[in-house]
2 protein chains.
Amino acid sequence: MSKDKNRSNCPISCSLELWGDKWSLIIIRDLMFAKQCTYGDFLKSEEKISTNILAARLKTLEQHMVIEKLEHPNSKSKVLYKLTKKGIELLPILVEINLWGEKYYADIPDRTKALLKDVKKDKKSFIRRTIKKLDID
Amino acid sequence: MSKDKNRSNCPISCSLELWGDKWSLIIIRDLMFAKQCTYGDFLKSEEKISTNILAARLKTLEQHMVIEKLEHPNSKSKVLYKLTKKGIELLPILVEINLWGEKYYADIPDRTKALLKDVKKDKKSFIRRTIKKLDID
DNA sequence: ATATTTACTTGCATTTTACAAGTACAAATA
DNA sequence: TATTTGTACTTGTAAAATGCAAGTAAATAT
């Protein structure tokens with residue numbers, strides 16, 4: 001019925017209890033680099049999340065104020081999802097995961113390579129610029 | 001029988017397929033800040049991982065060369081686990097998760113607070129020093 | 001010789017996930 | 001206006017992962 005207690009007060013452990021799974025950061029990645037997404041946009045991602053899992057994750061992330069829902073400007077049947085400040089602040093984590101993954105996995109997409117080249121040139125500046133883009137709505 | 005194909009070539013997605021769960025980074029955290037751990041040490045952690053899950057995660061992380069097994073200097077019945085270079089390089093990710101978690105969760109343990117104070121003073125230096133400690137074996 | 005420690009494995013109930021299909025409302029089309 | 005399509009979900013169910021308790025085997029301590 002109600003929320004369980006955290007298994008510890010370690011910030012890493014608490015964070016993992018919220019988004020430590022195979023899908024949450026994929027959703028957040030999409031929002032981070034596409035700015036805003038509809039439900040259908042998430043479903044179209046290459047990783048092919050199933051619709052019930054997507055709905056569950058969106059719900060949890062919204063409840064924990066990592067993302068929020070917005071009305072779509074052109075349509076009442078569409079919903080726009082976007083990152084909150086709390087969600088945007090996950091960017092440094094995504095950047096570091098990207099850098100680690102680039103080092104240990106092959107066939108990185110060109111778009112990602114370009115992005116990471118930019119990151120490596122000046123990480124702080126990349127983060128600042130990306131956040132700035134997300135903040136404008 | 002054999003390994004499944006990755007769901008995409010996105011480095012974030014690939015990384016999550018390996019350690020995107022509620023336990024892998026807890027194991028890695030323990031190794032990162034305790035340098036070396038036995039099986040029993042992991043079980044003693046506050047988060048109370050169950051023994052079958054621990055065994056499964058250690059196996060996967062070893063297979064993917066994130067951790068490795070060492071003989072215990074004093075005992076043939078003990079096994080020492082330590083991070084490989086690949087594992088050590090997850091430190092920037094753990095640092096960023098820690099910083100995010102510190103911001104959004106309460107009652108952070110004093111040890112962690114002290115560590116994060118050090119991180120915030122000079123992140124690069126903290127990472128360099130922590131890696132240096134881990135490299136000596 | 002016996003008991004204890006250590007690193008696991010095994011069995012099973014519960015939970016989570018993945019896949020397929022279905023629903024409800026908005027919007028476009030005939 | 002009626003019907004089809006698009007969009008955001010929900011529901012059902014089988015398969016897989018998890019959590020808990022107990023068990024095993026080798027090494028060490030007593």
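Just so we're on the same page: letters track the sequence lines, and every chain starts at 1. Nothing here was measured: the structure is a model prediction, and the numbers come from that model. Hydrogens, waters and symmetry mates are skipped; everything else that's a heavy atom, side chains included, is used.
- Between A/Thr51 and A/Asp21, the residue whose closest nucleotide on DNA chain C is further toward the 5' end is A/Asp21.
- With hydrogens and angles ignored, a donor-acceptor pair closer than 3.5 Å exists between the side chain of A/Asn52 and the base of C/dA18.
- A close approach under 4.0 Å does not occur between any side-chain nitrogen or oxygen of B/Arg57 and OP1 or OP2 of D/dG19.
- In terms of modelled atom types and a separation under 3.5 Å, the side chain of A/His64 and the main chain of A/Val66 share no donor-acceptor contact.
- The nucleotide whose nearest atom lies closest to any side-chain atom of A/Ala55 is, among D/dC9, D/dC20, C/dC8, D/dC9.
- Remark: B/Lys117 does not engage B/Glu102 in a salt bridge, criterion side-chain N to carboxylate O under 4.0 Å.
- Remark: A/Lys76 is not in phosphate contact with C/dA26, judged by side-chain N or O atoms under 4.0 Å from OP1 or OP2.
- Of the side-chain N and O atoms in B/Trp23, one or more sit less than 4.0 angstrom from OP1 or OP2 of D/dG19.
- Among the nucleotides D/dT28, D/dT10, C/dC8, the one closest to any side-chain atom of B/Ser77 is D/dT28.
- Set against D/dT18, D/dT10, D/dA27, the side chain of B/Ile53 has D/dT18 as its closest nucleotide.
- Between A/Lys69 and D/dC9, a side-chain N or O to OP1/OP2 separation shorter than 4.0 Å is present.
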- Message: Apply side chain to side chain donor-acceptor pair (under 3.5 Å) to residues B/Ser8 and A/Glu47 and explain how you reach the verdict.
- Response: CA-CA 6 Å; B/Ser8 81; A/Glu47 290 85 9; 2.7 Å; yes

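- Two residues, B/Lys78 and A/Asn74, neighbour DNA chain C, and the one matched to the more 5' nucleotide by heavy-atom proximity is B/Lys78.
- Between the side chains of A/Tyr39 and A/Thr51, at least one donor-acceptor pair of N or O atoms lies under 3.5 Å.
- Between B/Tyr81 and the phosphate of C/dC8, there is a side-chain N or O to OP1/OP2 separation shorter than 4.0 Å.
- Using a 4.0 Å cut-off, no side-chain N or O of A/Lys48 falls inside it from OP1 or OP2 of C/dT17.
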